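What follows is one structure encoded as structure tokens, with my remarks underneath.
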Amino acid sequence: MSTPAGPSEVRVRFAPSPTGYLHVGGARTALFDWLFARQHNGTFILRIEDTDVERSSEEMTRGILDAMTWLGLHWDEGPYFQSKRLDLYRELAERLVSGGHAYLDEGAIRFRVPEGRVTYQDAVFGEISVESDTIENFVLLRSDKHPTYHLSVVVDDIDMRISHVIRGADHISNTPKQILLYRALGASLPVFAHLPLILGPDKTRLSKRHGATSVSAYQEQGILPEAMRNFLALLGWAPGNDQEMFDDEALIQAFSLQGISKANAVFNPEKLAWFNAQYIARLPHDKVVEYLRPEYAKVGLWRDSFEKEDREWFRSLIDLYRPRAKVLQDFPRQSRIFLTDHVEFDPTAVEKFLKDETVRGHLRRLADRLAALPEFNHHSIEEAVRGLANELGVKPGVLMNPARVALTGQSVAPGLFDVMVLFGRENTVQRLRLS
RNA sequence: GUCCCGUUCGUCUAGCCCGGUCUAGGACACAGCCCUUUCAAGGCUGCAGCACGGGUUCGAAUCCCGUACGGGACGCCA
């Protein structure tokens with residue numbers, strides 16, 4: 001075995017089993033591990049627990065790594081694969097047998113649980129204490145010579161000099177068994193910190209029947225990794241004050257094991273959506289474009305000029321929709337009116353605003369007015385529109401609501417003057433005249 | 001069933017360790033109002049909670065005990 005970690009050296013690991021996708025619970029655990037490592041200038045290790053040959057798969061491993069990368073949880077060591085370390089587990093299982101700590105049972109090796117009470121201090125839950133006669137002699141090595149979870153996790157945590165075991169609270173009752181194993185192997189204990197579970201709205205463990213649970217599903221739904229991180233950080237942890245918006249630096253600063261809650265938390269997708277909207281509204285333009293490029297490309301609306309000659313125009317377009325978007329897909333969906341020549345008219349809106357012949361006459365006059373403007377910008381357009389309304393003796397809305405429909409085909413759109421600027425004078429005038 | 005753990009607005013939570021400053025604070029959602037060219041965004045206001053019962057104490061969301069409810073673990077799964 002390697003030498004134990006020094007007292008100040010923080011080494012944590014995230015150890016998923018590649019028997020499924022990375023779900024939000026696992027992601028939250030990984031995030032806390034990562035935050036803790038970063039805060040202490042420690043090492044974040046990724047270990048794949050693939051000792052169940054039947055259920056583990058490479059695609060799942062791939063998916064987990066991708067999801068971690070998308071979430072921005074970069075690991076410093078690994079991924080280590082337990083399937084490549086089988087000899088080590090066998091060797092130690094045999095050592096435990098010869099030391100009298102374990103025994104053969106029909107081809108498997110079982111741990112001999114000693115009498116007494118096992119007590120430890122959990123960094124989150126405080127003292128946890130169990131009478132060892134409630135613990136069965138558990139299997140360490142299966143008859144096929146593959147280790148069980150308890151053996152491999154303890155052996156690896158010792159070997160990899162893990163200083164803090166941060167994992168889900170579903171492992172609390174496993175911990176005494178593992179502590180017994182540490183003792184039998186003559187190793188010192190890491191700090192154990194168990195995280196409260198994430199539940200569905202019905203307070204049962206979050207699962208597929210509650211809706212999307214995999215990180216990649218949220219990625220596909222147009223959730224930003226920044227938003228996901230911020231949201232997940234606040235599930236089971238709180239800074240002790242009222243702050244809610246955290247960038248990574250602030251999160252790393254503020255995070256602490258003391259701030260972790262003992263009570264399970266219900267996953268609230270609406271709050272996630274709110275965080276997402278906040279980040280969409282706030283992220284730097286280049287970052288947003290980076291996320292948006294594939295979304296526009298997906299629906300055939302991306303043009304390379306958005307990053308070249310039309311850069312400023314595209315920036316204005318994006319800014320117009322930032323406060324209106326909840327997910328990334330909202331951008332192409334809502335802004336497509338600016339990106340295709342074809343206008344689709346909403347029949348209800350047409351019926352309501354463009355039926356009246358007088359109104360259409362007004363719009364043609366407005367078109368003339370706009371065509372004659374020396375400058376075509378937000379301010380000059382506003383003056384022209386309000387001026388004309390005044391001359392006609394009508395409220396500005398009488399002009400503006402029909403104009404909006406004439407331009408966009410819809411009764412719901414961003415501010416009319418912004419819309420006109422974005423369309424440009426020619427396009428605006430033409431669409432008004434065609435109405 | 002046995003063992004372990006938890007319980008503050010519908011939800012995420014602050015406060016609890018070190019009892020009075022808590023007529024319990026913030027956020028999401030919801031409702032109303034304001035802003036306003038529609039829709040958002042934003043601002044303001046409102047709705048709503050210490051699971052229950054004992055005890056300790058001058059005083060308990062905060063400490064102790066019990067009950068109820070909830071969760072987790074009891075696999076040659078992890």
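Just so it is clear, the model here is predicted, and its values are computed rather than measured. Throughout, protein chains are lettered first and strands after them, A, B, ... in sequence-line order, and every chain is numbered starting at 1.
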Would you say the rings of Phe255(A) and Phe32(A) are close, in the sense that their centroids are separated by under 6.0 Å? yes
Listed by chain and number, what are the ring pair (Phe, Tyr, Trp, His ring centres under 6.0 Å) partners of Phe36(A), not counting sequence neighbours? His40(A), His164(A)
Within the 4.0 Å heavy-atom criterion, would you say Gln334(A) contacts the bases, only the backbone, or no part of the nucleic acid? nothing
Any N or O donor-acceptor pair linking the side chain of Asn174(A) to the base of A78(B) at under 3.5 Å? yes
Complement of U36(B), any strand, by Watson-Crick or G-U distances under 3.5 angstrom: none
Measure from the side-chain heavy atoms of Glu106(A) and tell me the nearest of C76(B), C5(B), U37(B). C76(B)
Taking a pair to mean Watson-Crick or G-U wobble geometry with both distances below 3.5 Å, G66(B) pairs with C52(B)
When you measure from the side chain of Ala263(A), which nucleotide among U7(B), C12(B), A27(B) comes out closest? U7(B)
Does anything in residues 87-117 of chain A form a ring-ring contact (aromatic ring centres under 6.0 Å, His included)? List the pairs, not counting sequence neighbours. Phe111(A)-Phe138(A)
Looking at U11(B), C77(B), U7(B), which one has an atom nearest to any side-chain atom of Asp52(A)? C77(B)
Winner on side-chain proximity to Val412(A), out of U38(B), C3(B), A78(B), is U38(B)
May I ask you to verify whether the side chain of Ser143(A) and the base of C76(B) hold a donor-acceptor pair under 3.5 Å? yes
Output the single nucleotide from A73(B), C4(B), C12(B) whose closest atom is nearest the side chain of Ile128(A). C4(B)
Listed by chain and number, what are the ring pair (Phe, Tyr, Trp, His ring centres under 6.0 Å) partners of Phe423(A), not counting sequence neighbours? Phe338(A)
For C16(B) and C63(B), measure between their P atoms and round to the nearest Å. 10 Å
Would you mind classifying the nucleic acid contact of Thr51(A) as base, sugar-phosphate or nothing, using non-hydrogen atoms under 4.0 angstrom? sugar-phosphate
Can you find an N or O donor on one side and an acceptor on the other, under 3.5 Å apart, linking the side chain of Lys271(A) with the base of A27(B)? yes
Atom pairs and distances, side-chain donor-acceptor, residues 178-185 of chain A, under 3.5 Å, sequence neighbours left out:
unit_1: Gln178(A); atom_1: OE1; unit_2: Arg167(A); atom_2: NH1; d: 3.4
unit_1: Gln178(A); atom_1: OE1; unit_2: Arg167(A); atom_2: NH2; d: 2.6
unit_1: Gln178(A); atom_1: NE2; unit_2: His150(A); atom_2: ND1; d: 3.3

Given C5(B), C12(B), U37(B), identify the nucleotide with an atom nearest to the side chain of Met400(A). U37(B)
For residues 398-407 of chain A, please give each side-chain donor-acceptor pair under 3.5 Å, one per line with the distance, not counting sequence neighbours.
unit_1: Asn401(A); atom_1: OD1; unit_2: Arg404(A); atom_2: NH1; d: 3.0
unit_1: Asn401(A); atom_1: ND2; unit_2: Gly397(A); atom_2: O; d: 3.2

Under 4.0 Å, counting only non-hydrogen atoms across every strand here, what does Pro414(A) touch: a base, just sugar-phosphate, or nothing? base
For the C1' atoms, the ones on A51(B) and on G10(B), what distance do you get once it is rounded to whole angstrom? 16 Å
Let's see if you can work this out: which of U38(B), A78(B), C76(B) has an atom nearest to the side-chain heavy atoms of Ala108(A)? C76(B)
What's the closest nucleotide to the Gln278(A) side chain, out of C3(B), G42(B), G6(B)? G42(B)
Between Arg205(A) and Asp170(A), is the closest basic N to carboxylate O distance under 4.0 Å? yes
In residues 321-331 of chain A, what residues come within less than 4.0 Å of RNA chain B, judged by heavy atoms? Pro323(A), Arg324(A)
Is the phosphate of C76(B) approached by Arg110(A) (side-chain N or O, under 4.0 Å from OP1 or OP2)? yes
Watson-Crick or G-U wobble mate for U23(B), both contacts under 3.5 Å: none
Partners of Phe246(A) by ring pair (Phe, Tyr, Trp, His ring centres under 6.0 Å), sequence neighbours excluded? Trp237(A)
With sequence neighbours excluded, give me every side-chain hydrogen bond (donor to acceptor under 3.5 Å, both in side chains) pair touching residues 246-269 of chain A. Arg229(A)-Asp248(A)
RNA chain B contacts made by residues 231-238 of chain A, counting heavy atoms under 4.0 Å: Leu234(A), Leu235(A), Gly236(A), Ala238(A)
Determine the interatomic distance between C1' on G72(B) and the same-named atom on C64(B); round to the nearest Å. 26 Å
Could you tell me whether Lys271(A) and Glu244(A) make a salt bridge, using a distance below 4.0 angstrom between a side-chain N and a carboxylate O? yes
With the side chain of His171(A) defined as its heavy atoms from C-beta on, choose the nearest nucleotide among C4(B), A78(B), A27(B). A78(B)
Note: Arg315(A)-Asp319(A) ion pair, threshold 4.0 Å (strictly below): no
Inter-nucleotide C1' distance (G26(B), G15(B)), Å rounded: 11 Å
Scan Thr134(A) against the nucleic acid and name what it touches under 4.0 Å (heavy atoms): base, sugar-phosphate only, or nothing. sugar-phosphate
Contact class for Ser129(A) (heavy atom, under 4.0 Å): base, sugar-phosphate, or nothing? sugar-phosphate
Protein-nucleotides 43-53 of chain B N/O pairs closer than 3.5 Å?
none

Any strand counts, and the cut-off is 3.5 Å on both contacts for Watson-Crick or G-U wobble. Which nucleotide pairs with G1(B)? C74(B)
Counting only side-chain nitrogens and oxygens, does Arg117(A) get under 4.0 Å of the OP1 or OP2 atom of C3(B)? no
Near-strand residues of residues 376-385 of chain A, defined as heavy-atom separation under 4.0 angstrom from RNA chain B: none
Check the interface with nucleotides 64-70 of chain B: list each N/O to N/O pair with the protein under 3.5 Å, or write none.
none

Determine the contact category for Thr148(A): base if any of its heavy atoms lies under 4.0 Å from a base atom, sugar-phosphate if only primed atoms, P, OP1 or OP2 are that close, otherwise nothing. sugar-phosphate
Given A29(B), A27(B), A78(B), the nucleotide with the shortest approach to the side chain of Glu270(A): A29(B)
List the steps and the verdict of salt bridge (charged side-chain N to carboxylate O under 4.0 Å, His left out) for Glu94(A) and Arg90(A). CA-CA 6 Å; Glu94(A) 277 155 27; Arg90(A) 286 170 198 161; over 6 Å; no
